[in-house]
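Just so you know, residue 1 is the first one in the sequence shown, and it goes up from there. The structure displayed is predicted, hence computed values, not measured ones.
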Amino acid sequence: MTSSLRFKLIIGFITIAIPLLILLLFNNLFASSTVREQVAESNKNAIILYSNQLQAELNRETNFLYNLAYEDPNISLLSRVIHDPTEYILTKERIINELNRYHRFDSSVDFQFIYSVQNKDIFNTAIKTKSYEELITIQTTLEELLREAKPGSIYFQKWKAVKYGDQYALVRLVDTGEGYYLGASVQLKNLMIPLDLIQLGSDGFASFISDEGKIISNKEMSTALAIEPEGSQDTYQLVLIDDKKYIVVSNPIKGTDTMLSAFIPEKKLVQKLTYFRGFIFMLPFLAAIVLIFYVFYLNKMILRPIYNLIRGMRKIKHGDWSTRLAPSQTKEFTIINETFNEMAAQIHDLKIHVYEEQIKLHKAEVKHLQLQMNPHFLLNSINIIYNLAQIQKYDIIQLMSLNLVKYFRFTTQTHRNVVSIAEELEHMESYIKIQQLRFPDRITYNFEVENSLQSRCIPPLIIQPFIENSMKYGFDFMEHPFHLDIQIASEKHSHIMEIVISDNGSGFNPDILAHLRSGQYFLSQSDEHLGIWNVYHRLQYIFGQEASLQFTNLPDSGACITIRMPIRNLDSFA
């Protein structure tokens with residue numbers, strides 16, 4: 001089922017449809033996020049601008065209180081005339097007049113006051129209220145606050161939000177250092193008046209938020225929401241109020257424990273995107289319907305002709321040469337069916353040629369096995385063992401027999417298509433050691449292989465034919481021992497390795513060397529140097545133009561063969 005073409009086509013369709021759907025959903029979310037970002041950024045600038053104005057006004061009021069506390073002589077005089085009621089009252093009146101004079105020109109606060117810690121006495125500028133109850137509430141709350149306030153508390157460090165009944169106000173205190181507190185108070189509702197100019201929509205609103213994240217300047221919302229304070233550091237925050245989503249942008253007012261926030265209803269901002277979002281959610285159902293029609297169409301136009309073709313091929317496989325396919329509804333499958341019918345008509349004749357080629361191939365394999373066994377080499381080795389047995393050289397017989405076993409075990413493994421370089425060299429070492437036992441002290445050898453190439457793989461018996469030819473044609477009973485050298489290394493910055501086989505023998509005959517270099521030798525097969533011919537064609541078949549053979553004679557004496565081929569692992573030959 002999972003390997004059928006129908007299943008794979010359906011999976012392919014789903015593979016395309018799902019990423020497309022995800023892309024559309026992402027686009028929808030990105031569009032909504034972009035709208036929120038733009039609206040939030042626009043209102044954020046207005047909130048920051050008004051926050052800075054409030055901060056400047058409150059700082060100016062704070063500076064006035066500090067200047068009054070440390071520079072006005074009447075403040076210092078209060079502590080000295082505290083036991084003189086008449087002078088005390090006159091001094092208070094002068095201070096109140098100073099506060100009223102300043103208050104007429106700067107209306108950033110509602111009222112200012114002075115509090116005597118010793119007398120528990122508070123006197124203030126006029127407090128404008130709508131009712132007597134509101135006035136009593138403000139006075140009572142302020143008296144309780146001042147009695148509990150201690151130097152160093154939060155009220156002496158910043159403007160602190162204080163609740164007057166159901167309203168909130170900002171209060172700031174300044175310690176004169178002589179037993180008196182100066183202070184000012186402003187209700188948050190009065191600070192909210194200029195914010196009406198910000199366009200927040202019919203359902204939007206602006207508000208102050210305490211450092212606990214609670215709305216404190218909107219009576220309807222004061223207990224309905226808690227905002228995370230750290231959320232104010234983001235561009236905007238999404239909150240839910242009475243089942244309505246709002247985009248909230250905030251900015252802290254320095255010198256106070258509040259933030260100024262604007263609440264913009266999200267629904268109207270993304271109202272048009274809602275219809276687009278609904279369409280995207282319908283896409284899977286539409287895709288399912290399209291998929292059904294798509295499968296039926298594919299079944300009729302593609303799958304059914306393919307099944308008929310497979311059915312015909314199975315019949316041919318079981319020997320029914322009379323099988324023929326009917327024309328299809330598509331031009332392409334009609335051509336395929338006609339080609340199949342012609343192929344079925346000709347395949348019977350081709351079988352005869354295949355049988356003949358198989359016979360030739362079988363003969364070639366038999367001949368290759370005969371060449372691998374090398375009866376002459378085997379007979380000579382056995383004869384040496386016999387002679388060694390006569391003179392009772394049992395240790396040499398053991399070495400000879402062990403190397404012969406290794407040699408013929410390797411050469412008779414015709415089922416192996418590749419071997420590691422280490423295995424190939426081990427086989428070569430067995431062959432050379434046999435020759436060393438045949439010709440004591442007349443043969444030496446040296447192998448140098450790059451460490452990273454030990455486990456790399458090559459076709460088997462690639463090196464042996466060249467070693468055998470060196471022993472057969474280059475070895476002579478010279479005054480010095482015959483030396484074989486094999487070096488295997490990789491080319492720098494390349495995937496090619498070089499196998500260099502050299503000796504110190506008589507070298508190539510000039511005519512044979514010219515014949516090998518020109519490539520004419522490899523165009524026709526002969527019994528002489530059959531192993532080299534076999535190596536050349538195996539390399540060309542496996543590696544193509546990436547493999548090559550180079551033949552040279554060394555300057556002093558001896559032959560040199562360089563084999564170049566790609567570096568491969570076992571998996572690369574699979």
**OP:** Apply the test side chain to side chain contact (heavy atoms under 4.5 Å, CB included) to residues Leu145 and Tyr155: give CA-CA distance (whole Å), side-chain angles for both, the deciding distance (0.1 Å), then the verdict.
**Re:** CA-CA 9 Å; Leu145 184 153; Tyr155 296 98; 3.5 Å; yes
Original post:
Could you state the interatomic distance from CG (Asp175) to NZ (Lys150), rounded to the nearest 0.5 Å?
Top reply: 11.5 Å
**OP:** Show the numbers, then the answer: is there a side chain to side chain contact (heavy atoms under 4.5 Å, CB included) between Thr91 and Arg80?
**Re:** CA-CA 10 Å; Thr91 303; Arg80 294 194 297 270; over 6 Å; no
Original post:
For Tyr164 and Leu142, which heavy atoms make the closest approach, and how far apart are they?
Top reply: OH-CD1, 4.2 Å
Subject >> Geometric class of the Phe113/Phe111 ring pair [parallel <30°, tilted 30-60°, perpendicular >60°] >> reply: tilted
Subject >> Worked verdict on Gln118 versus Ser116 for side chain to side chain donor-acceptor pair (under 3.5 Å) >> reply: CA-CA 6 Å; Gln118 180 178 353; Ser116 172; 5.8 Å; no
**OP:** Give a yes or no on whether the backbone of Ser420 and the side-chain of Glu423 come within a donor-acceptor separation of less than 3.5 Å.
**Re:** yes
Original post:
Quick one: are Gln139 and Ile122 in side-chain contact, heavy atoms under 4.5 Å?
Top reply: no
Subject >> Smallest separation among heavy atoms of Met565 and Ile499, with atom names >> reply: CE-CD1, 4.1 Å
Subject >> Distance in Å, Ser185 OG paired with Asn124 CG, rounded so as to fall on 0.5 Å steps >> reply: 10.0 Å
Original post:
Any side-chain heavy atom of Ile458 sitting closer than 4.5 Å to one from Val418?
Top reply: no
Original post:
Heavy-atom count around Lys120 NZ within 6.0 Å, excluding the residue itself: above 12?
Top reply: yes
Original post:
Looking at Tyr88 and Asp121, what are the two nearest heavy atoms and their distance?
Top reply: OH-OD2, 3.5 Å
Original post:
What is the minimum heavy-atom distance between Leu453 and Ile421, and which atoms define it?
Top reply: O-CD1, 3.2 Å
Subject >> Straight-line distance of Ile89 CD1 to Glu93 CD, nearest 0.5 Å >> reply: 8.0 Å
Original post:
Using 4.0 Å as the upper bound for N to carboxylate O, is an ion pair formed by Glu491 and Arg564?
Top reply: yes
Original post:
Do Thr176 and Ile114 have side-chain heavy atoms sitting under 4.5 Å apart?
Top reply: no
Subject >> side chain to side chain contact (heavy atoms under 4.5 Å, CB included) evaluation trace for Lys189 with Gln167 >> reply: CA-CA 8 Å; Lys189 66 179 182 179; Gln167 298 288 343; 3.8 Å; yes
Original post:
Can you name the residues that form a side chain to side chain contact (heavy atoms under 4.5 Å, CB included) with Lys245, not counting sequence neighbours?
Top reply: Leu240, Glu266
Original post:
Would a 4.5 Å heavy-atom cut-off, applied to side chains only, mark Asn337 and Asn308 as touching?
Top reply: no
Subject >> Distance (rounded to the nearest 0.5 Å) between Ile336 CD1 and Met343 CE >> reply: 10.5 Å
Subject >> Full working for side chain to side chain donor-acceptor pair (under 3.5 Å) between Asp571 and Asn569 >> reply: CA-CA 5 Å; Asp571 297 339; Asn569 294 321; over 6 Å; no
**OP:** Answer yes or no: is there a side-chain heavy-atom contact under 4.5 Å between Ile75 and Tyr70?
**Re:** no
**OP:** Taking all heavy atoms of Ala161 and all of Thr258, pick out the closest pair and write down the distance.
**Re:** CB-CG2, 4.2 Å
Subject >> Donor-acceptor under 3.5 Å (Ser153 side chain, Ala149 main chain) >> reply: no
Subject >> Contact check, side chains of Phe263 and Ser250, non-hydrogen atoms, under 4.5 Å >> reply: no
**OP:** Check whether any side-chain heavy atom of Val117 sits under 4.5 Å from a side-chain heavy atom of Tyr181, and report yes or no.
**Re:** yes
Subject >> Spacing of CD1 belonging to Ile48 relative to CD belonging to Gln53, to within rounding of 0.5 Å >> reply: 12.5 Å
Original post:
Do the ring centers of Tyr115 and Phe123 come within less than 6.0 Å of each other?
Top reply: no
Original post:
Given Asp257 and Trp159, is the side chain to side chain contact (heavy atoms under 4.5 Å, CB included) satisfied, shown in steps?
Top reply: CA-CA 7 Å; Asp257 62 345; Trp159 291 84; 6.0 Å; no
Original post:
Salt-bridged, Glu87 to Arg94, with N to O below 4.0 Å?
Top reply: yes
**OP:** Using atom types as modelled and distance alone, determine if a side-chain donor or acceptor of Gln112 lies under 3.5 Å from a backbone N or O of Leu182.
**Re:** no
**OP:** Would you mind reporting whether Leu170 and Leu191 have side-chain heavy atoms less than 4.5 Å apart?
**Re:** yes
**OP:** Locate the shortest heavy-atom distance separating Phe156 from Tyr66; write the atom from each residue and the value.
**Re:** O-OH, 4.0 Å
Subject >> Ionic contact status for Arg101 with Glu98, cut-off 4.0 Å >> reply: yes
Original post:
CD1 of Ile47 to CD1 of Ile253: how many Å apart, nearest 0.5 Å?
Top reply: 9.0 Å
Original post:
Going through the distances and angles, do Glu450 and Ser490 end up as a side chain to side chain donor-acceptor pair (under 3.5 Å)?
Top reply: CA-CA 8 Å; Glu450 189 176 307; Ser490 60; 3.0 Å; yes
